[in-house]
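Everything numeric in this text was worked out from a predicted model, so none of it was measured. Numbered from 1 within each chain, the chains take letters A, B, ... in sequence-line order.
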Amino acid sequence: MSKTIHVSVAWPYANGDLHVGHLAGAYLPADIFARYHRLKGNRVLMVSGSDSHGTPISVEADKRGVTARSIFEHYHHRFLLTQQKIGISYDLFTHTDTVNHTRIAQDIFTLLLERGFLYKETQQLLYSQYEKRFLPDRYVEGECYICGYPDARGDQCDNCGNLLDATRLINPRSKSHPDERLIVRETEHYFLDLSIFTDRLLHYLDVHEPHWRPNVVRFSRNFVAEGLRGRPITRDIDWGIPVPLEGWDDKRLYVWFEAVMGYLTASIEWAKNTGQPEAWMDWWYNPEAEIYNFIGKDNIPFHTVIWPAELMGIDGIYNGNSPGLSLPYDVPANEFMNIEGRQFSKSRNWAIWLPDILERYQPDAVRYYIAATFPETHDSDFAWDGFFNRVNGELVATWGNLVNRMLSFAWKRFDGVVPVYDTLTEADKAIIARSEEGFEEVGALIEQVRLRDALAACMALAREANGYLDVRKPWSAIKEDPADAARSVYTILRVIDNLNLLFAPFLPFSAQQVHEYLGYDGALFGVQHIESFDEDGRAHEALTLDAAGAIGRWEKRKLHPGQPLREPAALFAKLEPEIVEQERAYLGAPRDEREVVE
RNA sequence: UGCGGGGUAGAGCAGUGGUAGCUCGUCGGGCUCAUAACCCGGAGGCCGCAGGUUCGAAUCCUGCCCCCGCUACCA
């Protein structure tokens, strides 16, 4: 029976390029999962987008002396190109500065307010008369009121380690204008009253515990058990979504509050864009639908506690107040991927940027290494010698070589067609059966979001197939007993056909190539486009998926004897050992941001 | 300071009371259609540290150390 699956992926801040951490934490696992379910024939909606708002974007804009909007538009465009290049197959990758997202975020605010889930509170915050704005704690320094250390940060003293209240600092000053004296000023903000949802959240966690990762459950339960405090959902800034209330023109919705709504708003936008405006409800008002949020570990409480609370608070929205709005079914949060043993750092350029490495390596090689080292159970490490070893030793040598050795053998010795055989031996039938079992075995692992194990299972099958060849030796048989060579070559091509589908969610580009080498026509997956959409005279760009022509299916293949093959070529480029040192030299060195080209 | 996760051959991981395993790499041998796979064999671990329970501990208990996240604006 076909399932309905929503794949919601963390929204990247559009203040810098995507790096391998983004890919490892959320985007690649989401893509593999979505591709698998599409192959299974399940109804999949995969959405995400650029987070256009938030302090990180304003900070970057200040640094460069440009507007926040121009920063996010610049990186949004690069996100589209980069993700198209590495094949993250969103049905829609949009952003949060759309008319659609703004309208819905404001509707949600209004509904929560009407239902009594928000409250107003006066806060004391530091204000800069020079910059005419309230300063976030991290923008402030001053003398510590506990130990007297002169350069304490607004939130914490680096000398005595105590957490600080920024308004109590002695002689507080702005980091950007240290000579100016800051004043304390009162300001009003709305808070989301999370504690109202405590019991329902605990119940929600209980219900989902059996199929969640243990660390996600434990963390979330603890987060709730410690007591939920109200969280401010408005800010004194000018870049963001306006608060839909009279007299609140100077304030905006807090980014953490509105960005997660993107899962819903992008679904609604997708429905509208595709000319079926009600279709989003098949996921959001359907008790059978399963919503998966792919995120990094830093985001766990936002997705397992705060976002579900927001959803509980707006249940019935756009549905005539009839309840049943879907909550996340699973939040398979990944841990972090370090770089050569050290934590990612944008400021020190200790990072591996996707636009850069996609100029030098095949997308499937990058996808393979990252998927093989997914930080599913604990932090992992992107190491260039590891990349070199796994690509050459596993991807090229085991899978690539299996495909290459037998496709070129069949091409040369069987006149470019799938061999026509008389009968199959027990060994032949056994290896075909093994490859067919893979659909069940690998599929089950992917459904549990154990993607690293799933990929390892594919590779183990490729090893078995290589072992089979060593026993059957078609290169010897072709001389003494051509009929037997026809049996084993047919068998191995059929096994390759099966394994190719198993690898396809991980390696979609090379899977398409193998598909064509085997003589098939058509595309396994849909085609990704960058499209422009118009809303009330304002245009925005998005990444979309046209899956109409996709013919790939997650099922046993029946390769026809006599089917004409196409001339094969090596699937994967073998890496030179020099790349290890070359790539390491880029780490920590100044970086030029280059145009992303197709 | 709290809460959660992690620490097992050179690398990546599995292993919740009974002889410490898998993949890659490495060394030796076999084979050779191929971007050198596959087979056979070898080397390589005080399972973070210290104590305890037990006939027996990587596994259970206690204390400590290190890394990461959240608490608090770096995926």
Quiz item: Say you pick atom C1' in B:A72 and the same atom in B:U8; how far apart are they, in whole Å?
Solution: 35 Å
Quiz item: Which whole number of Å gives the distance between the C1' atom of B:G45 and that of B:G30?
Solution: 30 Å
Practice problem: Would you mind classifying the nucleic acid contact of A:A26 as base, sugar-phosphate or nothing, using non-hydrogen atoms under 4.0 angstrom? | Solution: nothing
Exercise. Applying side chain to side chain contact (heavy atoms under 4.5 Å, CB included), run through A:E60 and A:I57 and close with a yes or a no.
Key: CA-CA 5 Å; A:E60 192 66 28; A:I57 289 158; 5.7 Å; no
Quiz prompt | C1' spacing across the pair B:G7 / B:C47, given as an integer number of angstrom | solution = 10 Å
Practice problem: Check whether any side-chain N or O of A:R452 sits under 4.0 Å from OP1 or OP2 of B:A14, and answer yes or no. | Solution: yes
Quiz item: Given atom CH2 of A:W256 and atom P of B:C74, what is their separation to the nearest angstrom?
Solution: 15 Å
Quiz item: Which of these passes ring pair (Phe, Tyr, Trp, His ring centres under 6.0 Å) with A:H95: A:Y75, A:F72, A:W11?
Solution: A:F72
Self-check item: Any donor-acceptor pair under 3.5 Å from A:H189 side chain to A:P232 backbone
Solution: no
Quiz item: Side chains of A:Y468 and A:D428: is there a donor and an acceptor less than 3.5 Å apart?
Solution: yes
Exercise. Measure from CG on A:N466 to C1' on B:C39 and round the result to the nearest Å.
Key: 12 Å
Quiz item: Hey, does A:S220 reach any base, or is it just sugar-phosphate, or nothing, if we go heavy atoms under 4.0 Å?
Solution: nothing
Exercise. State whether A:T373 places a side-chain N or O below 4.0 Å from either non-bridging phosphate oxygen (OP1 or OP2) of B:A11.
Key: no
Quiz item: What interatomic distance, in whole Å, is found between P of B:U59 and the corresponding atom of B:A50?
Solution: 13 Å
Practice problem: Scan A:G400 against the nucleic acid and name what it touches under 4.0 Å (heavy atoms): base, sugar-phosphate only, or nothing. | Solution: nothing
Quiz prompt | Length of the CZ-P vector between A:R235 and B:C73, whole Å | solution = 8 Å
Exercise. Return the value, rounded to whole Å, for the distance between atom CG of A:N215 and atom C1' of B:C70.
Key: 13 Å
Self-check item: Rounded interatomic separation in angstrom, taking CG from A:L395 and P from B:U23
Solution: 18 Å
Quiz item: Would you say B:A72 has OP1 or OP2 under 4.0 Å from some side-chain N or O of A:R229?
Solution: yes
Quiz prompt | Distance-only side-chain donor-acceptor flag, A:Q83 / A:Y90, under 3.5 Å | solution = yes
Exercise. Specify the separation, in whole Å, of atom CH2 of A:W384 and atom C1' of B:G12.
Key: 17 Å
Quiz item: B:C22 and B:C61: how far apart are their P atoms, nearest whole angstrom?
Solution: 29 Å
Exercise. Using whole Å, report how far CE of A:M406 lies from P of B:A37.
Key: 14 Å
Self-check item: Closest non-hydrogen atom pair between A:M46 and A:A34, with its separation
Solution: SD-CB, 3.4 Å
Self-check item: Listed nucleotide nearest any side-chain atom of A:N401, set B:C24, B:G4, B:A37
Solution: B:A37
Self-check item: Identity of whatever pairs with B:A43 - Watson-Crick or G-U, under 3.5 angstrom
Solution: none
Quiz item: Mapping A:E394 and A:S408 to their closest nucleotides on RNA chain B, which lands nearer the 5' end?
Solution: A:E394
Self-check item: Minimum-distance pair of heavy atoms, taken over all atoms of A:F506 and A:D364
Solution: O-OD1, 4.3 Å
Self-check item: Considering all heavy atoms, the nearest A:E258-A:A105 contact
Solution: CB-CB, 4.2 Å
Quiz prompt | Donor-acceptor pair present, A:D298 side chain and B:A75 base, under 3.5 Å | solution = no
Practice problem: Could you work out which one of B:C70, B:A14, B:A37 sits closest to the side chain of A:P301? | Solution: B:C70
Quiz item: Is there aromatic stacking of A:F409 against B:C33, centre distance under 5.5 Å, plane angle under 30°?
Solution: no
Practice problem: State whether A:R463 places a side-chain N or O below 4.0 Å from either non-bridging phosphate oxygen (OP1 or OP2) of B:U23. | Solution: no
Self-check item: Watson-Crick or G-U counterpart of B:C24, or none if no pair lies under 3.5 Å
Solution: B:G10
Quiz item: Once you round it to whole Å, what is the distance between C1' of B:C68 and CZ of A:F336?
Solution: 8 Å
Exercise. For A:I478, answer base if it contacts any base atom (sugar-phosphate contacts may also be present), sugar-phosphate if it contacts only those atoms, and nothing otherwise; contact means non-hydrogen atoms under 4.0 Å.
Key: nothing
Quiz item: What nucleotide, of B:C3, B:C33, B:A75, holds the atom closest to the side chain of A:F344?
Solution: B:A75
Quiz item: Using a cut-off of 4.0 Å on non-hydrogen atoms, how would the nucleic acid contact of A:G25 be classed: base, sugar-phosphate, or nothing?
Solution: nothing
Quiz item: How far does the P atom of B:G5 sit from the matching atom of B:C60, given to the nearest Å?
Solution: 13 Å
Quiz prompt | Side-chain N or O of A:Q343 closer than 4.0 Å to phosphate OP1/OP2 of B:A75 | solution = no
Quiz prompt | Shortest side-chain distance from A:H22, nucleotide among B:C73, B:C38, B:A75 | solution = B:A75
Practice problem: Select from A:R218 and A:H19 the residue whose nearest nucleotide in RNA chain B is closer to the 5' end of that strand. | Solution: A:R218
Quiz item: When all nucleic acid strands are considered with a 4.0 Å heavy-atom cut-off, which category describes A:M337: base, sugar-phosphate, or nothing?
Solution: base
Quiz prompt | Sugar-phosphate only, base, or nothing, as touched by A:K297 at under 4.0 Å among non-hydrogen atoms | solution = base
Quiz item: Which value, in whole Å, describes the distance between the C1' atoms of nucleotides B:C3 and B:A20?
Solution: 33 Å
Practice problem: Please determine, for the side chain of A:N404, which listed nucleotide (B:C38, B:A34, B:C24) has the closest atom? | Solution: B:A34
Practice problem: Using the P atoms only, state how far B:C38 lies from B:G17, rounded to an integer number of Å. | Solution: 34 Å
Exercise. Please work out if A:Y468 contacts a base, only the sugar-phosphate, or nothing of the nucleic acid, heavy-atom cut-off 4.0 Å.
Key: nothing
